[in-house]
Amino acid sequence: MKIWISFDMEGVAGIVDWDQCRPSGGARYDLGCQLMLAEVNAAIEGAIAGGATEVVLNDSHGTMANLDPRAVAGNASYIAGRHKPLYMMQGLDETVDAAFLVGYHGSISGQPSTLSHTYNPEVFAAARVNGVEVGESGINALVAEHFGVPIAFLSGDAVTWEQTAAFAPGGVHVVTKESLTRFSAANLHPSESCRLIREGAEEAARRVAGGAVGTPGITRPATLELDVQTGDMAEVATWARGVERVAERTVAISGEDLLAVFRSFVAVNYITRQAGGR
């Protein structure tokens with residue numbers, strides 16, 4: 001059984017500030033990386049205990065090179081680095097039996113969720129898949145559905161699971177923290193968070209082996225709508241293939257091919273940074 005893990009940072013227990021998530025944060029970032037590594041390793045160990053024979057990691061945070069590869073558990077392979085064609089979903093394909101999402105966070109437009117954003121907070125104000133407001137997990141579910149891969153496990157705050165549950169039928173989740181505001185949370189002790197992730201990942205792998213986890217269930221043709229911060233960004237977004245401007249600050253990407261929809265979104269994510277002055 002092959003398990004693929006996309007991991008982010010903001011949903012990890014103990015992380016509540018951007019300094020813990022960016023190299024410029026110095027010692028605080030170093031601690032953030034250690035906390036994230038522990039949760040990722042817990043997920044790997046749980047997956048292997050549940051029957052996984054291969055684990056692939058995709059670093060999905062920031063510049064996407066946040067782990068010391070020597071410290072990764074279970075001989076898991078590690079996809080790292082910027083400018084990956086499938087971004088947070090690089091490495092997911094039809095050979096994968098299940099996707100795990102570790103350390104994920106809520107959307108920029110939803111309930112208070114620690115360090116919430118939707119890919120780029122300088123650009124995206126909201127996202128909807130077939131009319132349902134989603135965060136990064138919902139956008140990423142387009143790729144999982146395309147390849148017929150279930151999202152079997154998720155860790156993060158309670159808001160993140162609420163926004164993901166519809167795309168993970170039969171999946172297991174671990175709440176690592178209860179968000180108070182966007183910049184505060186009641187966190188589990190890291191040891192407890194890792195224990196629950198290890199147990200949850202094992203259970204998720206066993207459910208996958210038993211055929212008890214469904215794919216995201218996104219209907220085709222699908223439409224991904226994106227609200228952006230300015231009209232300039234909406235205009236620039238239309239330079240990407242398949243993107244239509246449907247309102248002053250809203251664009252839409254539609255089609256039967258969910259992977260093509262996601263690829264166009266990745267292009268929008270990159271080129272709108274320029275309209276935002278980055």
Residues Leu57, Phe7; criterion side chain to side chain contact (heavy atoms under 4.5 Å, CB included); working and verdict: CA-CA 8 Å; Leu57 302 180; Phe7 64 90; 4.0 Å; yes

Exercise. Apply side chain to side chain contact (heavy atoms under 4.5 Å, CB included) to Phe262 and Val266, showing your working.
Key: CA-CA 6 Å; Phe262 184 82; Val266 171; 3.5 Å; yes

Heavy atoms of Ala76 and Ile44 approach each other most closely as CB-CD1, 3.9 Å

*Check whether more than 12 heavy atoms from other residues, nucleotides or ligands sit under 6.0 Å from atom CG of Asp68, and answer yes or no.*
yes

So CE of Met233 and CZ of Phe124: to nearest 0.5 Å the spacing works out to 9.0 Å

| message | Any heavy-atom pair between the side chains of Val96 and Phe147 that's under 4.5 Å? | response | no

Does any N or O in the side chain of Asp17 come within less than 3.5 Å of the main-chain N or O of Ile15, such that one atom is a donor and the other an acceptor? no

Query raised in the report: Side-chain heavy atoms under 4.5 angstrom apart, residues restricted to Ile, Leu, Val, Met, Phe, Trp, Tyr: same cluster for Leu259 and Leu142?
Result: yes

Cluster link Val12 to Val159, ILVMFWY, side chain under 4.5 Å:
no

**Request:** Would you tell me whether Asp93 and Thr95 have side-chain atoms, one donor and one acceptor, within less than 3.5 Å of each other?
**Result:** yes

Counting distance only, does the side-chain N/O of Trp4 pair as donor-acceptor with the main-chain N or O of Gln90 below 3.5 Å? yes

OG1 of Thr215 to NE2 of His146, rounded to nearest 0.5 Å, is 12.5 Å

Is Ile3 linked to Val102 within one hydrophobic cluster, defined over Ile, Leu, Val, Met, Phe, Trp and Tyr using a side-chain heavy-atom separation of less than 4.5 Å? yes

Using a 3.5 Å distance criterion without hydrogens, assess whether the side chain of Thr53 forms a donor-acceptor pair with backbone atoms of Met1.
yes

**Request:** Before accepting this row, confirm whether a basic side-chain N of the pair Arg195/Glu192 lies closer than 4.0 Å to the acidic partner's carboxylate O.
**Result:** yes

The reported gap from OG in Ser6 to CG in Leu86 (rounded to nearest 0.5 angstrom) is 11.0 Å

List the steps, then state whether side chain to side chain contact (heavy atoms under 4.5 Å, CB included) holds for Tyr29 with Gln20. CA-CA 4 Å; Tyr29 169 70; Gln20 296 173 286; over 6 Å; no

Check: Thr250 and Arg128 side chains under 4.5 Å, non-hydrogen atoms:
yes

* Can you find a side-chain donor-acceptor pair between Thr160 and Asp157 that sits under 3.5 Å? -> yes

For the residue pair Thr114 and Glu10, confirm or rule out a side-chain donor-acceptor distance under 3.5 Å. no

From the list Val55, Ile5, Leu67, side chain to side chain contact (heavy atoms under 4.5 Å, CB included) with Tyr78 holds only for Leu67

Nearest heavy-atom approach of Pro190 to Leu35 is CG-CD2, 3.8 Å

Heavy-atom nearest pair, Ser264 first then Ile253, reads CB-CG2, 3.8 Å

Between Cys33 and Met9 the two heavy atoms that sit nearest each other are N-CE, 3.3 Å

To the nearest 0.5 Å, atom OG1 of Thr164 lies from atom CD1 of Ile151 at 7.0 Å

Between the CG atom in Leu115 and the CH2 atom in Trp18, the distance rounded to the nearest 0.5 Å is 4.5 Å

Decide if the gap between the ring center of Tyr119 and the ring center of Phe265 is smaller than 6.0 angstrom.
yes

* Report yes or no: do Leu37 and Met88 belong to one cluster of Ile/Leu/Val/Met/Phe/Trp/Tyr joined by side chain heavy-atom distances under 4.5 Å? => no

>> Between Arg28 and Arg22, is the side chain to side chain contact (heavy atoms under 4.5 Å, CB included) condition met? List the steps.
In response: CA-CA 9 Å; Arg28 300 188 72 192; Arg22 296 170 175 163; over 6 Å; no

* **Side-chain donor-acceptor contact under 3.5 Å, Glu133 with Ser109** => yes

Tightest non-hydrogen contact, residues Gly170 and Val213, listed as O-CG2, 3.6 Å

Check whether any side-chain N or O of His105 sits under 3.5 Å from a backbone N or O of Gly103 as a donor-acceptor pair, and report yes or no.
-> no

Side-chain heavy-atom pair Leu188, Leu196 within 4.5 angstrom cut-off
yes

request  = Would you check if there is a donor-acceptor pair between the side chains of Tyr104 and Asn140 at a distance under 3.5 Å?
outcome  = yes

Exercise for review: Indicate yes or no: does Glu235 engage Arg245 in a salt bridge with an N to O separation below 4.0 Å.
Suggested key: yes

*Between Thr219 and Asn130: side-chain donor-acceptor atoms closer than 3.5 Å*: yes

Is a side-chain N or O of Asp227 found less than 3.5 angstrom from the main chain of Val251, in a donor-acceptor match?
no

Next on the checklist: Closer than 3.5 angstrom, by distance alone: can the side chain of Gln163 be matched with the main-chain N or O of Ser107 as a donor-acceptor pair?
Outcome noted: yes

(message) Ring-plane angle category for Tyr270 and His83, please: parallel below 30°, perpendicular beyond 60°, tilted otherwise.
(response) tilted

Between Ser60 (side chain) and Asn58 (backbone), is there a donor-acceptor pair under 3.5 Å?
-> yes

Legend entry - Donor-acceptor contact present, side-chain Thr118 to main-chain Ile108, <3.5 Å: yes

Minimal heavy-atom distance between Glu45 and Ala73, with the atoms involved, is OE2-CB, 4.0 Å

Taking it one step at a time, do Ser193 and Glu39 satisfy side chain to side chain donor-acceptor pair (under 3.5 Å)?
CA-CA 7 Å; Ser193 179; Glu39 291 197 357; 2.8 Å; yes

CE (Met64) and NZ (Lys84) are apart, to the nearest 0.5 Å, by 5.0 Å

Determine whether the side chains of Thr176 and Ser155 contain a donor N or O and an acceptor N or O closer than 3.5 Å. no

* Asked: Among side-chain atoms of His61 and Asp8, is any donor-acceptor pair under 3.5 angstrom?
  -> yes

Query - Min side-chain heavy-atom separation Val129-Thr223 under 4.5 Å - result: no

* Asked: In the single-linkage hydrophobic clustering (I, L, V, M, F, W, Y; side-chain heavy atoms under 4.5 Å), do Val72 and Ile79 co-cluster?
  -> no

Legend entry - Arg198 and Glu202: CA distance, side-chain angles, deciding distance, salt bridge (charged side-chain N to carboxylate O under 4.0 Å, His left out) verdict: CA-CA 6 Å; Arg198 192 174 295 106; Glu202 180 176 352; over 6 Å; no

* Asked: Would you say Arg207's side chain and Gly210's backbone share a donor-acceptor pair under 3.5 angstrom?
  -> no

query: Under 3.5 Å, side chain of Ser179 to main-chain N/O of Thr181, donor-acceptor pair present?
result: no

- Do other residues, nucleotides or ligands put more than 12 heavy atoms under 6.0 Å from the CZ atom of Arg241? no

